[in-house]
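Sequential numbering from 1 along the given sequence is applied to the chain's residues.
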Amino acid sequence: MRGYGAASATAVAIAATSLFMSTVSAAVDPIVIKGSKFFYKTNGTQFYIKGVAYQQDYNGGGANQTASTGNSFTTVDYTDPLADFSSCSRDIPYLQQLQTNTIRVYAIDPTKDHSQCMNALADAGIYVISDLSSPSQSINRDDPAWNDQLYARYTSVVDSLANYTNTLGFFAGNEVSNAPNNTEASAFVKAAVRDTKAYIKSMNYRTIGVGYATNDDAEIRVDMADYFNCGDSASAIDFWGYNIYSWCGDSSYTTSGYDVRTKEFSTYSVPAFFAEYGCNKVEPRTFTDVSTLYGPLMNGVWSGGIVYMYFQEANDFGLVSVSGNSVTPNQDFQNLKQELSNVTVSGVNSASYNPTNSAAACPTLDQTWAAEATPLPPSPNQQLCSCMYDSLGCVVASGASTSDYGTLFGQVCGYGASICDGIAANASTGTYGAYGMCNSTEQLAYAFNQYYLGQSAVASACSFGGSATTKPTSSSASGACATLLNEAGTAGTGTVTSSPSGTGAAGGSSGSGSSASGSASSSKGSAGSLKPSMESGLLPMVFIVTMAAVSGMGMILL
């Protein structure tokens, strides 16, 4: 899954529907985590994932991703696979033929009703792992951010599915860092893991795991696994998904590299499984790796896997062809069905299992790894961003175009190294300004204001060719705003300790310079501000700030 940008509805609408729709569900025994294994909660039997990726007309699967194609999608539309009961009820019998006990879905619409599909899946003994992002809202590997809008999206998905006991877990990202040149983005994904886990706990939902799905890049795969597993358990992943396509045709345990991967994960402290597998370089796919994955060579380390993909589409990974109400299994389906029918795996019982694996050591910075383990980017805090914006006397003018933001950031940050410290986000140094999680317009307004104040607040210092304008400041000398702004500090480099205030119920920043409806919306706000595009092709802020500091110039042309 790539990096993305905009919500399709306001956070309030999301909350009003998702919280209501998720209150009634068919009960199945929840899956719990102990050490590096999954278990049924009630009887302690070990749970092995026998899964199928399940989402039609969607190109978010790792099988379609390459390091060279960037973050662009041909479309941002998607069909929520859990909201169409006619389709999921049509497909469940075929999933059952494959002994499926888990499906992975890549994007759901939190404003829709998922009760019929989730209940039907529960009745069939099928659990769900859902990605939290969507094609238009995710962490962009080329310009990473973790902000109010993304937090609202992620927590809304949690709200939508948390009350179903067949919700097995969530992925906070899929192949976001997929090559050595974008590993900085992993810091923002790990911050998303941290804050999503904290949100689940704060809402008193049952414990539901939050993980990450990675690609199989030889240069970074070990560092990736270690990075998300190391450090404070509150920030570490609860499970690890591996998108791996190295067993093609009649390969083997050693030829495919499964032996090396198994050795690498033999000491991993949380459950690891194949989040996608099923190479199609040799067709039809014979799935001869199934017996090995669930056999004695691997089942002590891996918790099963998810075959990519149920629906036959242009990428030729499908197990069935669908036309209306008609489902036609292909030879891949028959081969997988045969292989899975020969699988018998029992594992260990939770009561007799005593985990001994410990968290990995964090990777060190080198030519292939660029994300410091700590600190992570700050938690989104819409109240802080709103308080900050209201306190400004110089902000972005209503006539400013978001397409000019890159140049404007370069210009204002070039006027002084400290001007943009409060909005810095440098994963390689672990340097994050308190306002680095605010939206683009709030950040640019903050930088304009810092320069304006440095010039004794003379009106001419708030122009920037008509892109900035003065406004009255709101009082922030008392109450919660005073506390938040004091924690952030006058330079914006302090640590704000309050919990995130953006949730599924109030997801976007609510300040004058914010957009509750998502990062790709664009409309005029009060006080002459713009509701920004978070993923509008701007250069990463860390790059802009670094270039400004290095150049020492008053203007940097981007």
Side-chain angles (χ1 to χ4, degrees), residues 21-22 24-34 36-55 80-83 85 87-89 91-108 114-132 157-172 174 196 200 205-213 237-242 270-277 293-294 299 302-310 319 336 340 343 345-347 350:
M21 296 302 186
S22 63
V24 180
S25 63
V28 295
D29 198 12
I31 304 302
V32 297
I33 295 170
K34 182 178 180 180
S36 61
K37 303 183 187 304
F38 292 113
F39 297 94
Y40 288 99
K41 181 178 181 179
T42 300
N43 63 19
T45 300
Q46 187 174 349
F47 180 82
Y48 286 91
I49 293 172
K50 295 180 181 178
V52 175
Y54 183 77
Q55 188 133 15
D80 184 338
L82 302 180
F85 181 62
S87 294
C88 67
S89 60
D91 296 328
I92 285 174
Y94 294 93
L95 293 170
Q96 289 178 304
Q97 288 185 47
L98 297 173
Q99 302 183 33
T100 303
N101 63 16
T102 305
I103 60 170
R104 177 183 178 184
V105 298
Y106 292 92
I108 68 160
H114 303 107
S115 58
Q116 286 185 298
C117 280
M118 289 298 290
N119 290 340
L121 289 164
D123 289 339
I126 298 174
Y127 294 81
V128 174
I129 299 176
S130 175
D131 288 61
L132 295 168
V157 173
V158 171
D159 288 340
S160 183
L161 297 179
N163 289 328
Y164 298 103
T165 57
N166 60 326
T167 297
L168 193 157
F170 302 103
F171 280 127
N174 182 78
T196 303
I200 290 170
Y205 292 136
R206 65 178 174 84
T207 301
I208 308 172
V210 180
Y212 178 78
I237 42 96
D238 297 312
F239 53 78
W240 188 247
Y242 200 4
V270 299
F273 58 93
F274 289 1
E276 294 176 5
Y277 75 102
L293 176 60
Y294 295 97
N299 66 27
W302 300 95
S303 294
I306 298 171
V307 170
Y308 191 85
M309 145 65 72
Y310 182 77
L319 299 171
L336 179 60
L340 287 169
V343 168
V345 56
S346 58
S350 176

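- Pairing each heavy atom of G169 with each of I208, the nearest pair is CA-CG2, 3.7 Å.
- Distance alone, capped at 3.5 Å, is enough to place a donor-acceptor pair between the D238 side chain and the V210 backbone.
- Expressed to the nearest 0.5 Å, how far CD of Q99 lies from CD1 of I126 amounts to 11.5 Å.
- At least one donor-acceptor pair under 3.5 Å links the side chain of T167 to the backbone N or O of L161.
- Residues P81 and A107 share a closest heavy-atom pair of CD-O, 3.6 Å.
- Judged by distance alone, with hydrogens and angles left aside, the side-chain atoms of N166 form no donor-acceptor pair with the main-chain N or O of V128 at under 3.5 Å.
- Here the side chain of Y294 pairs a donor or acceptor atom with the backbone of G305 at under 3.5 angstrom.
- Screening F274, Y212, W302 for a ring-ring contact (aromatic ring centres under 6.0 Å, His included) with W240, the sole residue that qualifies is Y212.
- Put simply, the side chain of Y127 reaches to within 4.5 Å of the side chain of D29, judged on heavy atoms.
- Of all the heavy atoms in S87 and Y54, the pair that sits closest is O-OH, 3.6 Å.
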Inset, instruction - Apply the test ring pair (Phe, Tyr, Trp, His ring centres under 6.0 Å) to residues F239 and F170: give CA-CA distance (whole Å), side-chain angles for both, the deciding distance (0.1 Å), then the verdict. - result: CA-CA 9 Å; F239 53 78; F170 302 103; 8.9 Å; no
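- H114 places none of its side-chain heavy atoms less than 4.5 Å from the side chain of V105.
- Pairing each heavy atom of P30 with each of R206, the nearest pair is CB-NH1, 4.0 Å.
- Looking at Y164, its side chain does come within 3.5 Å of a backbone N or O of S115 through a donor-acceptor pair.
- Panel note: side chain N101, backbone G125; no donor-acceptor pair is recorded below 3.5 Å.
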Inset, instruction - Just do the side chain to side chain contact (heavy atoms under 4.5 Å, CB included) check on Y94 and T100 with the steps written out, would you? - result: CA-CA 9 Å; Y94 294 93; T100 303; over 6 Å; no
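- Separating the CG atom in L336 from the CD atom in Q97 is a distance of 11.5 Å, to the nearest 0.5 Å.
- Note that CG of L82 is 8.0 Å distant from OG of S160, once rounded to the nearest 0.5 Å.
- Heavy-atom minimum distance, F39 versus S350: CE2-N, 3.4 Å.
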Legend entry - Derivation of the side chain to side chain contact (heavy atoms under 4.5 Å, CB included) call for L168 and F47: CA-CA 11 Å; L168 193 157; F47 180 82; 3.5 Å; yes
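- Interatomic distance, L293 CG to S303 OG, rounded to the nearest 0.5 Å: 9.5 Å.
- Side-chain N or O atoms of Y48 include one that pairs as donor or acceptor with a backbone N or O of N299 at under 3.5 Å.
- Between T207 and V32 the shortest side-chain heavy-atom distance does not fall below 4.5 Å.
- Panel note: side chain T165, backbone V28; a donor-acceptor pair is recorded below 3.5 Å.
- With a 4.5 Å cut-off on side-chain heavy atoms, I33 and F38 count as touching.
- I129 is listed as a side-chain neighbour of I49, based on a closest heavy-atom distance under 4.5 Å.
- For K34, the NZ atom counts as densely surrounded, since its 6.0 Å shell holds more than 12 non-hydrogen atoms of other residues, nucleotides or ligands.
- For the atom pair I103 CD1 and C88 SG, the distance stands at 8.0 Å (nearest 0.5 Å).
- Side-chain N or O atoms of Q55 include one that pairs as donor or acceptor with a backbone N or O of Y106 at under 3.5 Å.
- Closest approach of K37 to P271, counting heavy atoms only: N-CG, 3.6 Å.
- Residues T102 and I31 fail the side-chain proximity criterion, which asks for heavy atoms closer than 4.5 Å.
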